[in-house]
Number of protein chains: 2
Amino acid sequence: MKTTKQSAAAPERKRGSGVKVVYDLLRDEILDLVLPPGSPIDEVQLAERFKMSRTPIREALVRLAGEGLIDTLPNRSTMVSNLDFLNMSPFFDALVLMYRVTTQLAAQHHRPQDLVTIRARQKEFAAAVQTQDALAMIATNAAFHSAIAEAGRNPYFNSLFSRLLDEGRRFLRLYYQSYEDRLPQRFVEEHEAMIAAIIARDVVAAERLGKAHADQIVQQIQKLMVGDERLEIAL
Amino acid sequence: MKTTKQSAAAPERKRGSGVKVVYDLLRDEILDLVLPPGSPIDEVQLAERFKMSRTPIREALVRLAGEGLIDTLPNRSTMVSNLDFLNMSPFFDALVLMYRVTTQLAAQHHRPQDLVTIRARQKEFAAAVQTQDALAMIATNAAFHSAIAEAGRNPYFNSLFSRLLDEGRRFLRLYYQSYEDRLPQRFVEEHEAMIAAIIARDVVAAERLGKAHADQIVQQIQKLMVGDERLEIAL
DNA sequence: TGTCGAATTCTTGTCGACAAATAATATGCA
DNA sequence: TGCATATTATTTGTCGACAAGAATTCGACA
């Protein structure tokens, strides 16, 4: 009777998948603000939580650090990276440019299968808006635009865009935690217009719609920064 | 007499620096094509080479994988990522756009200390051209443009640009291994013009010069792809 | 009560070992 | 000789342990 050590520790996990399991889950928790910015990350606790040794945990953390989702320094506690409200200009610049670029490139380079994927993501997004599920809307919006970027076939832009979408998710999560905004149907319609421009290979319209859409997101995030309610005190 | 295990294994290394040492050196070797595209990476050999256990080696490899410099699959040998000659368009698109964006942003956002750094990098580049040291020229060119990007103060663009410069380094290394081109003084002069436009905060000129410069690099790499010498055989 | 230094605890970086997965080599058979 | 299978060797993924570095707690003193 030979029970392997690993099977005893985590009987349902395939060898080689440990790092990915941890990475995926931590990534989701960071993006959904379950792990808020600045919160400490403790390897020992994670090892207990995931029922595995610290080694794959550490490797997952190296991956997350490489994507800017966590900050690490030697011999020091790792923590979830902060959202930098002091320097939003660079983020907005990059976000808007990448929305323009990826939407335009999708109009140029898309293939039939891409459109199937884009439509599927849009359907998920519309469902999230319909049910007024902000968390799902944020995630499906990012997935929709990520699918558009994939259709544009430029891995360099796509990796940057992916990072920006991730960070945007965290800002939007914070936004919808702060405001009880209804999720407007208008966003669904804007996505539809983008799809139509892409299908029509209308490069100019695609870029323009990409920009307009990005501008909306920028405005939402700016609202979060500026605040929307003034303190009214009679003096 | 208590000799710690670690001290006996690598007496000159500070705890916490292991991953970085391996990462830095492997990265340099990949970029200089000392480790050519496609070559296998063996953790055990690296552990022997660096006189440390495989754990920090693996962490360095995770970092390199995150930057696209190596390719890993579960339970399989890791290898240096290939240079993709079949899909150069996306690379060129991204490179040119990022040269434009970073040079323009430097004209907008640079600070006095930035100019000191940029000038220092330019001086190193000029020296490399003077001594016709292709390897140094490739590295100092990338450092020069990286310094310009830093002056533009957009970490999102800069991370993408950094990756593109890295990949460009590998292509250029291959180029200068294939051709005995002299390193032209013209490049030094173009850098000077870019510096002048940045100092003058001439956004339009900066962007134009950035584009022209990038186009040159694209041409060099295209020359590598097309080949420059036809096989002459009398039939 | 506040400060400082010492002691203790906790967390991180690395170690070497074990075992699973893969690659390479050997063997048998047509 | 070529192919399939078995065996062996090698490499990767993970384990738990050790120790260094950092954080926290405790005790002494002004």
Side-chain angles (χ1 to χ4, degrees), chain A residues 1-27 35 38-66 69-81, chain B residues 1-27 35 38-66 69-81:
Chain A
M1 194 183 88
K2 211 157 173 152
T3 304
T4 66
K5 255 200 203 162
Q6 184 180 342
S7 298
E12 295 174 30
R13 189 168 30 92
K14 185 178 175 186
R15 177 185 168 86
S17 66
V19 178
K20 186 174 189 306
V21 166
V22 176
Y23 166 81
D24 286 343
L25 199 132
L26 287 186
R27 185 175 176 279
L35 282 176
S39 52
I41 293 193
D42 180 320
E43 297 172 8
V44 177
Q45 282 184 21
L46 289 175
E48 285 164 11
R49 176 177 165 195
F50 288 97
K51 296 181 168 54
M52 67 178 74
S53 99
R54 283 171 46 236
T55 308
I57 306 285
R58 290 181 57 82
E59 288 184 25
L61 295 181
V62 172
R63 274 185 74 183
L64 291 166
L69 293 175
I70 62 173
D71 294 325
T72 66
L73 282 174
N75 292 311
R76 304 293 291 271
S77 210
T78 293
M79 69 177 180
V80 175
S81 64
Chain B
M1 195 181 88
K2 211 155 175 158
T3 304
T4 65
K5 256 199 202 159
Q6 183 178 346
S7 298
E12 296 175 29
R13 191 167 29 90
K14 187 179 175 187
R15 177 186 167 87
S17 66
V19 177
K20 186 176 189 307
V21 166
V22 176
Y23 166 82
D24 286 344
L25 200 133
L26 287 186
R27 182 174 178 279
L35 283 175
S39 53
I41 292 192
D42 180 323
E43 297 171 8
V44 176
Q45 283 184 20
L46 288 176
E48 286 164 9
R49 175 178 167 194
F50 288 99
K51 296 182 167 57
M52 66 177 74
S53 99
R54 284 173 42 237
T55 308
I57 305 286
R58 290 180 59 80
E59 287 184 27
L61 294 180
V62 172
R63 273 184 75 182
L64 290 166
L69 292 175
I70 62 173
D71 294 326
T72 66
L73 282 174
N75 293 309
R76 304 292 293 270
S77 207
T78 293
M79 67 176 181
V80 176
S81 63

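Within every chain, numbering begins at 1; the chains are lettered A, B, ... in the order of the sequence lines, protein sequences first and strands thereafter.
- Counting heavy atoms from C-beta outward, A:R58 and B:T55 have side chains that stay 4.5 Å or more apart.
- Here the C1' atom of nucleotide C:dC15 and the CZ atom of B:R13 are 10 Å apart, to the nearest Å.
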With 3.5 Å as the limit, what N/O pairs link the protein to nucleotides 22-25 of chain D?
residue : atom : partner : partner atom : Å
D:dA23  : OP1  : A:R76   : NE           : 3.2
D:dA23  : OP1  : A:R76   : NH2          : 3.1

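- The shortest non-hydrogen separation linking B:K14 to B:S17 is O-OG, 2.6 Å.
- Separating the CG atom of B:L46 from the P atom of D:dT10 is a distance of 17 Å, rounded to the nearest angstrom.
- In the set D:dG13, C:dC15, D:dT11, D:dT11 carries the atom at the smallest distance from any side-chain atom of B:D42.
- Rounded to whole Å, the distance from NZ on B:K51 to P on C:dT14 is 17 Å.
- Nearest heavy-atom pair across B:V62 and A:E59 is CG1-O, 3.7 Å.
- In plain terms, the two heavy atoms of A:V22 and A:A60 that are nearest each other are CG1-CB, 3.7 Å.
- D:dT11 atom P lies 16 Å from atom CD1 of B:I70, rounded to whole Å.
- Of the options A:L64, A:D71, A:T72, a side chain to side chain contact (heavy atoms under 4.5 Å, CB included) to A:S81 is made by A:D71 and by none of the others.
- The separation between B:L73 atom CG and D:dT11 atom C1' is 14 Å, rounded to whole Å.
- Annotation for A:P56 and A:G18: closest pair CB-C, 4.4 Å, computed over non-hydrogen atoms.
- In this entry the distance linking CE of A:M52 with P of C:dC18 reads 22 Å, nearest Å.
- Among the heavy atoms of the strands, none lies under 4.0 Å from B:T72.
- Across all their heavy atoms, B:G16 and A:P74 have their closest contact at O-CB, 4.1 Å.
- Looking at heavy atoms from C-beta onward, A:L61 lies in side-chain contact with A:I57 at the 4.5 angstrom threshold.
- Straight-line distance from the NZ atom of A:K14 to the P atom of D:dT12: 17 Å, rounded to whole Å.
- Near-neighbour residues of DNA chain D inside residues 53-61 of chain B, defined by a heavy atom below 4.0 Å, number-ordered: B:R54, B:R58.
- Listed nucleotides C:dG13, C:dA20, C:dC15 differ in distance to A:R15; the shortest reach to its side chain belongs to C:dA20.
- With sequence neighbours excluded, the residues that form a salt bridge (Lys or Arg N to Asp or Glu O under 4.0 Å) with A:R54 are A:E43.
- Taking atom CD of residue B:E48 and atom P of nucleotide D:dT11, one finds them 9 Å apart after rounding to whole Å.
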